[in-house]
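To start, the structure under review is shown below, and the notes come after it.
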Amino acid sequence: MAATTASAAAATTTTTTTGKSSVTLSLHPLVIMNVAEHHTRVRVQTAHATPVYGALLGKIKGRHVELCNTFEFKLTNASTTTTTNSTVTIDMDFLTKKLELIRQVHPDLDFTGWYTVESKDWNSPVMSSFYSQLSSLNESPLLLRLDPVGVSNELPIHVYETIVDLGTKIDFIEISYTLITEEAERIGIDHVARYSVTDGTSDTSIVSDQIAIQYNAIRLLYQRMLVLLEYVRAVKQGQLERNDDLLREIGSLCQRLPIINTDDNNNQMFREDFDIQQSDVALLALLACCTQEISTLNDYLNKFQVIHDKQQHSSGPGGSFGYSSGGRRMARGGAYFPASFV
Amino acid sequence: MATLDQFVVNIRQLTTDGKFSDLAQALSSPNVDHLTKNIQHIDSIIATFPLPEYSMCMLACLHAVVKAPNIPDSDLFLTQVDTFIQTSSAEQVYYLPQYLCEICHVITERLRKENRARVVDIRNSLYLGIPILYRAIELLRREPGQLLSIHSDLYQLCLLCQWFEPALTYLETDIIDINRENGKFDVKHLLLSYYYGGMIYACIKQFDRAANFFENVITAPATATSAIAVEAYKKYVLVKLISGTIPTNHLPTYTSRNVQQTIKSLCSTQYTELFNLFNNGTLTQFDEFVNRHRDQYARDRNLGLIKQTRNAFICNSIQQLTKTFLTVSLKDLANRVQLQSTNEAEKYLIDMIENGQIFASINKKDGMVIFHGSPERFDANNMLAKLQDETEKRIQAEKQLKELERQISLSKAYIQRTQQSSPYHDRPKILN
């Protein structure tokens with residue numbers, strides 16, 4: 001039994017042993033997003049699921065590989081109806097050109113492997129053919145497989161290392177990876193994750209779900225408050241017996257409440273501080289406006305003086321309009337000119 | 001006579017053709033003074049010009065009548081002018097604003113003279129004149145902020161008959177433009193309108209704005225000092241003292257040199273001294289000073305203001321006491337301020353407390369006055385509203401200033417000036 005499985009396992013050229021890998025791998029979420037998007041797009045546009053392939057770009061630093069970006073392969077063979085026997089050929093010209101362009105923009109990104117979107121029983125000859133085609137670019141390309149139908153608690157991503165076994169056999173050994181993100185990626189992913197997931201059962205978005213939750217919570221609170229209010233009223237009117245403990249608790253609850261817009265006496269201090277701050281802010285705005293106005297006035301007066309100051313400051317007391325400051329300004333302006341004439 | 005008929009036919013033709021600028025030129029050219037030479041026929045001519053199509057011709061005729069040595073029947077003339085203003089077309093009148101202004105000047109002059117001549121029924125004629133001038137301003141000004149020479153006439157008549165409402169409607173709006181009146185607008189009218197405006201505000205006891213107006217007169221850029229500016233300075237001093245704000249500098253620094261010098265030589269003993277007295281003197285010194293210069297004040301007709309200044313002096317002294325004392329007895333207060341009795345002191349105090357000039361409370365039992373600090377915390381809602389109001393006004397004013405600045409940067413003179421400053425080197429011009 002073990003022998004047959006072992007031989008069966010050995011017969012296929014794919015082994016999914018997770019053993020010690022020769023590289024450590026980090027994965028950016030952008031890669032996952034791109035692959036998923038590629039797959040979804042093709043699926044929607046061509047109305048049936050075809051496996052999609054593309055290249056992985058990353059940075060190789062010694063034994064650590066960081067997968068950063070992807071782009072799609074251009075395939076020369078369009079027919080993918082038969083999955084077992086078709087050989088998918090990649091347009092190598094396009095690939096090399098694209099890699100050159102990318103290297104111009106991002107000099108540190110290299111071709112590190114290729115990806116595919118397939119389920120668990122995947123097409124090994126195709127992969128081997130890929131390997132042979134891509135081995136010219138990279139001796140040990142990585143294979144990233146996104147599982148579109150698998151159900152698991154983790155990401156359905158499997159990364160395999162390729163090992164050439166005995167000259168012709170190609171082994172794919174799965175390796176583990178870690179996810180790393182940059183800030184921008186994290187924000188984007190967060191946004192996408194939160195708002196694009198639609199609940200399968202309802203047709204409202206996550207946002208309205210959250211708001212509905214809050215609304216329910218507030219409504220519950222309000223109802224409880226009404227109960228308390230009724231109780232206090234009844235006690236006041238003498239319909240219910242007075243329970244001091246309960247009243248004390250209600251009193252302490254009231255004092256813990258925020259005091260923004262209620263009209264009772266607890267409000268006084270807040271109102272005062274709020275008013276003071278409000279008029280401070282308004283005063284600052286007024287100051288800003290005044291400054292702006294004065295600046296415009298200053299500009300205007302400068303221009304006015306340029307037009308109307310006919311004489312230099314040395315003549316007579318105050319010049320044509322008696323602005324002593326204007327005379328000074330002319331002198332300053334005049335000081336530039338003699339230098340030019342010399 | 002033939003030339004007159006020709007002239008009349010000519011201007012009728014131009015009017016019906018709608019060539020208003022040509023018409024204006026024809027009517028205002030000085031050597032074609034047919035209308036003035038044939039004044040006796042003017043009534044018949046006037047009858048041939050129905051309004052409002054022939055407004056300009058009518059205006060020219062009225063102007064000729066006004067220029068004549070004596071107007072036969074002034075009341076009839078006034079009604080003529082009145083109907084003219086009410087029924088004419090503003091568009092035509094805009095071409096000849098100076099005529100209308102001159103008519104108004106002459107009317108004002110005559111009314112003023114008649115006012116002096118007639119003792120009984122003094123105000124009747126003046127009352128007649130005011131609506132005419134009011135409507136004339138309404139007709140002529142292109143926007144609310146424009147100043148005409150008619151403004152000074154209106155203010156003058158209002159002052160003479162003590163009826164301020166029509167003047168106040170024009171005084172409230174700030175002036176941002178002056179109507180040139182085809183070159184006939186004289187700086188005298190500008191100074192007079194501010195001077196009379198200041199007097200009107202002093203009459204209705206808005207002393208702050210009055211001081212502002214007088215300051216405008218004094219600080220108008222001038223190469224020669226006008227008598228109006230000197231008079232304005234005298235009133236400015238008094239009004240500033242009454243309004244309670246005593247500046248350290250007697251004059252704003254941007255008054256022209258010659259105005260400053262004239263004022264120093266003419267008014268310093270009687271008026272500028274008052275500033276020093278306010279800060280340092282006592283009431284008896286003040287009274288003495290006033291008595292010494294009473295004649296001068298009477299000649300300037302400022303006695304009423306002087307009496308109000310005395311009140312302000314007392315208030316000022318009491319306020320200075322608040323800087324030294326927290327509580328003071330009424331008797332002590334009266335002594336320090338040199339008032340006659342404690343009752344008088346109490347009276348002044350109560351007035352001041354009501355006006356909000358001082359924050360104090362009087363304890364009648366032991367006759368003590370306790371001074372408080374200002375209870376204004378600047379945090380009420382009305383303060384916020386006021387701040388927002390002021391901010392709005394600033395934004396408006398800034399918009400107008402920007403408009404002015406734009407106009408001036410596009411004006412030919414400015415561009416010429418900045419162009420000629422640097423043809424020889426490529427220092428970058430700071431055009432702002």
Side-chain angles (χ1 to χ4, degrees), chain A residues 268-311 313 316-327 329-330 332-342, chain B residues 219-225 253-261 377-418 420-427 429-432:
Chain A
Q268 201 59 15
M269 242 174 42
F270 173 79
R271 201 75 219 169
E272 282 173 5
D273 285 338
F274 178 71
D275 282 340
I276 291 179
Q277 211 172 23
Q278 206 177 31
S279 41
D280 279 343
V281 169
L283 190 61
L284 281 178
L286 178 62
L287 181 64
C289 283
C290 282
T291 315
Q292 169 82 349
E293 193 186 347
I294 292 175
S295 141
T296 316
L297 183 63
N298 189 30
D299 287 340
Y300 175 68
L301 284 178
N302 281 342
K303 296 198 166 83
F304 192 83
Q305 282 180 346
V306 164
I307 296 187
H308 290 280
D309 265 344
K310 296 189 176 67
Q311 310 148 352
H313 77 297
S320 57
F321 273 108
Y323 289 120
S324 53
S325 56
R329 186 179 173 278
M330 272 317 278
R332 243 191 309 126
Y336 288 118
F337 305 138
S340 67
F341 284 103
V342 169
Chain B
T219 57
T223 45
T225 318
T253 49
Y254 44 87
T255 34
S256 351
R257 289 277 175 79
N258 34 33
V259 174
Q260 275 182 352
Q261 282 165 354
R377 297 269 315 281
F378 301 107
D379 57 359
N381 274 342
N382 58 354
M383 186 55 64
L384 182 68
K386 196 161 161 220
L387 282 173
Q388 281 178 340
D389 232 6
E390 291 283 321
T391 317
E392 293 267 328
K393 279 195 222 154
R394 296 285 157 272
I395 295 179
Q396 285 294 15
E398 202 252 336
K399 273 201 199 118
Q400 284 174 349
L401 273 178
K402 262 218 147 28
E403 185 55 40
L404 277 179
E405 195 209 335
R406 202 183 66 90
Q407 282 178 4
I408 207 178
S409 4
L410 296 176
S411 75
K412 242 170 107 174
Y414 179 73
I415 296 180
Q416 271 180 356
R417 280 308 181 95
T418 48
Q420 65 177 228
S421 69
S422 68
Y424 293 106
H425 56 89
D426 48 9
R427 169 176 75 96
K429 286 191 288 291
I430 306 168
L431 279 181
N432 263 353

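Proteins come first, then strands; the chains are lettered A, B, ... in the order of their sequence lines, and each starts at number 1.
- Remark: A:D299 CG to B:L404 CG distance equals 12.5 Å, nearest 0.5 Å.
- B:I415 meets the side chain to side chain contact (heavy atoms under 4.5 Å, CB included) test with B:Q419; sequence neighbours excluded.
- Sorted by first and then second residue, the ring pair (Phe, Tyr, Trp, His ring centres under 6.0 Å) pairs with a member in residues 382-402 of chain B form an empty list; sequence neighbours excluded.
- Contact of B:E390 with chain A is made through backbone and side chain together, with heavy-atom distances under 4.5 Å.
- The environment of B:E392 atom CD is sparse: at most 12 non-hydrogen atoms of other residues, nucleotides or ligands sit within 6.0 angstrom.
- Note: B:T391 leads B:N258, B:I395, B:T391, B:V259 in heavy-atom pairs under 4.5 Å with chain A.
- Distance check, rounded to the nearest 0.5 Å: CZ of A:F304 to CD1 of B:I408 gives 6.0 Å.
- Expressed to the nearest 0.5 Å, how far CD of B:E405 lies from CG of A:L301 amounts to 10.0 Å.
- A pairwise comparison of heavy atoms in B:L384 and A:A282 identifies CD1-CB, 3.6 Å as the closest pair.
- Between the CD atom in A:Q292 and the NZ atom in B:K402 there is a gap of 5.5 Å [rounded to 0.5 Å].
- Between atom CD of residue A:Q278 and atom CD of residue B:Q388 there is a gap of 8.0 Å, rounded to the nearest 0.5 Å.
- With values rounded to the nearest 0.5 angstrom, B:E403 atom CD is found 12.5 Å from A:T296 atom OG1.
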